[in-house]
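Written out below as structure tokens is the structure these notes cover.
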Amino acid sequence: MDEKKTLHMTPDDFRRYGRAVVDWIADYYERVESLPVLSPVKPGQIRALLPPEPPLQGEPFEKILEDMNRVVLPGITHWQSPNFFAFFPANASGPSILGDLLSSGLGVQGMLWSTSPACTEVETHVLDWTADMMGLPGKFKSTGSGGGVIQDSASSASLCALLAGRERATKFMSNEKGCDGRLVAYASTQTHSSVEKAVKIAGLGRQNLRLVDVDEKFALRPNLLREQIQKDRQSGLVPCYVCATIGTTSSNAIDPLPEIGKVCRQEGIWLHVDGAMLGTAAVCPEYRYLQEGIEYADSYCFNPHKWMFTNFDCDCFFVAERAALIHTLSILPEYLRNQATESGAVIDYRDWHIPLGRRFRSLKLWLVIRHYGVEGLRYLVRRHVEWAQKFARWVQEDKRFELAVPPPMNLVCFRHVGGDEVNQKIMDRLNLSGKVYLTHTKLKDRLTLRLCVGQTHTEERHVIQAWRLIQETADGVSKS
Ligand SMILES: *Cc1c(COP(=O)(O)O)cnc(C)c1O
């Protein structure tokens, strides 16, 4: 090895290759629409393109970038394609990518205020902005009794909320002694699977998760919740957590927060509200009815990394009483002691989530909000909802299809009237075509197609094309 030559990338090379990477990404966005949305590769196909051993000597950057095209791209399902209508979106956008790059560039580990004050203070401020922007109650702001923090995912947020609810219900003794098998959590049959995972991780046990039945719109039935809680109390159990959802993953159902909230308030149970995808709609004042009753919540989360044009990972988690969360999660080994923390004048976000370390994630959200402005975000959300509603009307007007449930916002659940097998074939053929990607769910035991309009780059023409492809594919399936 040449002793005089640095092994590191020099600032000049970084500029050169950095530009090449930005160009690569910009080119990708220019052509992503033409790529097959769902990756067609077979298991193992990508690995087979990689050398069995890591390189002993460093390789030229050009060669690495070439492999992005040769090795990586074929194995990408294009979440950033405007023809992506599957699951819920995982949006990226120019300002968000650049915000993430700046975060990488600074390479900050923001576990404590003192390990980079800006990392904490920008985050606190941006989350207060976000609370205002979404019309959330003042108690969720750092200027009130609560505050917001960016978590990696809604799954983590639900887990942290459960832990805080568990501790509050046991006067912070579960942290000391462990769970005694009497703690109970509640959600609906439609609640995201992350809540079941949280119940397992938090030591409640899956048997102590009550999945309450739903109404014809797949929303939790609050009277059943109340009955179940009373029954559990009579059996000597300790209800500690209710998770309600704004926009379930399966069908975008909206749980009745005012009724659920009243039950939780009366019973002294922690209410967590999960608005992972649909929560973004509240940026528009006319859609805030979706979160009516949010004032009853002890915690709330939504994912800008789904519908708000911010790269994964970015979940905004708000608590009404930060003291409960901090008391639940704080640890203070000697090596983390510092004056700022002791003074009590600062936030140390390591006490607000599971990991100790944290990236400067608020930069990407900050850039998104500043680039689009609140009005820009509203404009985009409104158009997505408008197009989804149009799509739903087309479904209704075509005798071969039906809506599985009236679509509340930007997710349309629909099916061909020919039954499960026909719907499965339609979906498989559509996805195999590479021109569009949508996924399914089961509602009342029937296979149901889901089309979610929310991808950053989706335009009306993409929704029109998706519907045309669905109709043509249905014709083809009927004939075969
Ligand atoms: C997507 C989703 C989640 C999980 O989101 P992650 O951020 O990936 O953990 C949780 N709840 C609902 C309602 C979702 O739609």
Side-chain angles (χ1 to χ4, degrees), residues 25-39 73 76-98 247 252 277-284 286-287 303-312 364 367-369 371-398 401 403 407-414 426-427 430-431 433-439 449-474:
I25 298 172
D27 290 347
Y28 173 67
Y29 276 90
E30 277 180 341
R31 70 194 173 106
V32 64
E33 181 172 355
S34 66
L35 303 172
V37 193
L38 177 66
S39 168
L73 265 192
I76 293 294
T77 288
H78 299 285
W79 288 73
Q80 305 314 317
S81 165
N83 297 315
F84 184 99
F85 299 101
F87 308 107
F88 281 151
N91 282 339
S93 68
S96 166
I97 297 166
L98 294 177
N252 239 2
M277 194 280 298
L278 196 52
T280 290
V283 75
C284 306
E286 71 271 29
Y287 299 146
N303 290 352
H305 73 225
K306 277 186 170 163
W307 196 13
M308 206 186 265
F309 318 111
T310 308
N311 287 53
F312 194 89
K364 57 190 171 193
L367 262 69
V368 164
I369 296 171
H371 172 86
Y372 291 101
V374 178
E375 280 297 344
L377 295 172
R378 285 178 182 155
Y379 176 77
L380 295 169
V381 163
R382 282 174 184 141
R383 295 206 310 174
H384 288 160
V385 174
E386 183 190 316
W387 299 333
Q389 294 297 321
K390 264 192 191 169
F391 180 90
R393 283 199 294 280
W394 300 332
V395 169
Q396 280 179 298
E397 285 161 13
D398 187 326
F401 290 91
L403 292 176
M409 295 291 281
N410 64 331
L411 173 71
V412 185
C413 291
F414 67 105
I426 293 174
M427 183 173 73
L430 282 167
N431 293 343
S433 80
K435 291 180 186 154
V436 65
Y437 181 28
L438 50 88
T439 50
L449 305 177
R450 294 165 77 267
L451 181 123
C452 186
V453 183
Q455 212 291 320
T456 309
H457 305 286
T458 297
E459 293 285 338
E460 187 171 21
R461 66 188 168 89
H462 301 106
V463 183
I464 293 172
Q465 173 182 272
W467 176 236
R468 210 185 52 233
L469 286 167
I470 291 165
Q471 287 180 305
E472 285 168 15
T473 308

Would you say that [X] contacts [Y] through its side chain, given a criterion of any heavy-atom pair below 4.5 Å between the two side chains?
X      : Y      : value
Trp467 : Val395 : yes
Tyr437 : Phe87  : yes
Trp387 : Glu459 : yes
Gln396 : Leu403 : yes
Met308 : Leu377 : yes
Phe391 : Phe414 : yes

[atom1] of [X] to [atom2] of [Y]: how many Å apart, nearest 0.5 Å?
X      : Y      : atom1 : atom2 : result
Leu451 : Leu438 : CG    : CG    : 6.0 Å
Gln455 : Phe309 : CD    : CZ    : 9.0 Å
Leu449 : Leu430 : CG    : CG    : 8.0 Å
Glu386 : Asn410 : CD    : CG    : 13.0 Å
Lys364 : Asn311 : NZ    : CG    : 6.0 Å
Thr439 : Phe88  : OG1   : CZ    : 9.0 Å

[X] to [Y] - nearest heavy-atom pair and separation:
X      : Y      : result
His78  : Pro36  : CD2-O, 3.2 Å
Val381 : Cys284 : CG1-SG, 3.9 Å
Gly247 : Leu278 : CA-CD2, 3.7 Å
Leu469 : Thr473 : O-OG1, 2.5 Å
Trp307 : Pro89  : CA-CG, 4.5 Å
Pro82  : Val32  : CD-CG1, 4.3 Å

Would Tyr28 and Ile76 satisfy side chain to side chain contact (heavy atoms under 4.5 Å, CB included), going step by step from the backbone distance to the final call? CA-CA 12 Å; Tyr28 173 67; Ile76 293 294; 4.2 Å; yes

With side chain to side chain contact (heavy atoms under 4.5 Å, CB included) as the criterion, how do Lys390 and Glu460 come out once you've worked through the C-alpha distance, each side chain's angles and the decisive distance to 0.1 Å? CA-CA 10 Å; Lys390 264 192 191 169; Glu460 187 171 21; 2.4 Å; yes

Hey, does the Lys NZ or Arg CZ of Arg378 hover above the aromatic six-ring of Tyr287, less than 6.0 Å from the centre and inside 45° of the axis?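 No, Arg378 and Tyr287 do not form such a contact.
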
Tell me yes or no: between the side chains of His462 and Glu33, is some donor less than 3.5 Å from an acceptor?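 Yes, a side-chain donor-acceptor pair sits under 3.5 Å.
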
Please check this pair: side chain of Gln80 against backbone of Tyr29, looking for a donor-acceptor N/O pair closer than 3.5 Å.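 No: the side chain of Gln80 does not pair with the backbone of Tyr29.
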
Report the C-alpha separation of Asn252 and Arg450 in whole Å, then their side-chain angles, then the decisive distance to 0.1 Å, and conclude whether the side chain to side chain contact (heavy atoms under 4.5 Å, CB included) test is met. CA-CA 10 Å; Asn252 239 2; Arg450 294 165 77 267; over 6 Å; no

Pair Thr280, Lys306 - check side chain to side chain contact (heavy atoms under 4.5 Å, CB included), show working. CA-CA 8 Å; Thr280 290; Lys306 277 186 170 163; over 6 Å; no

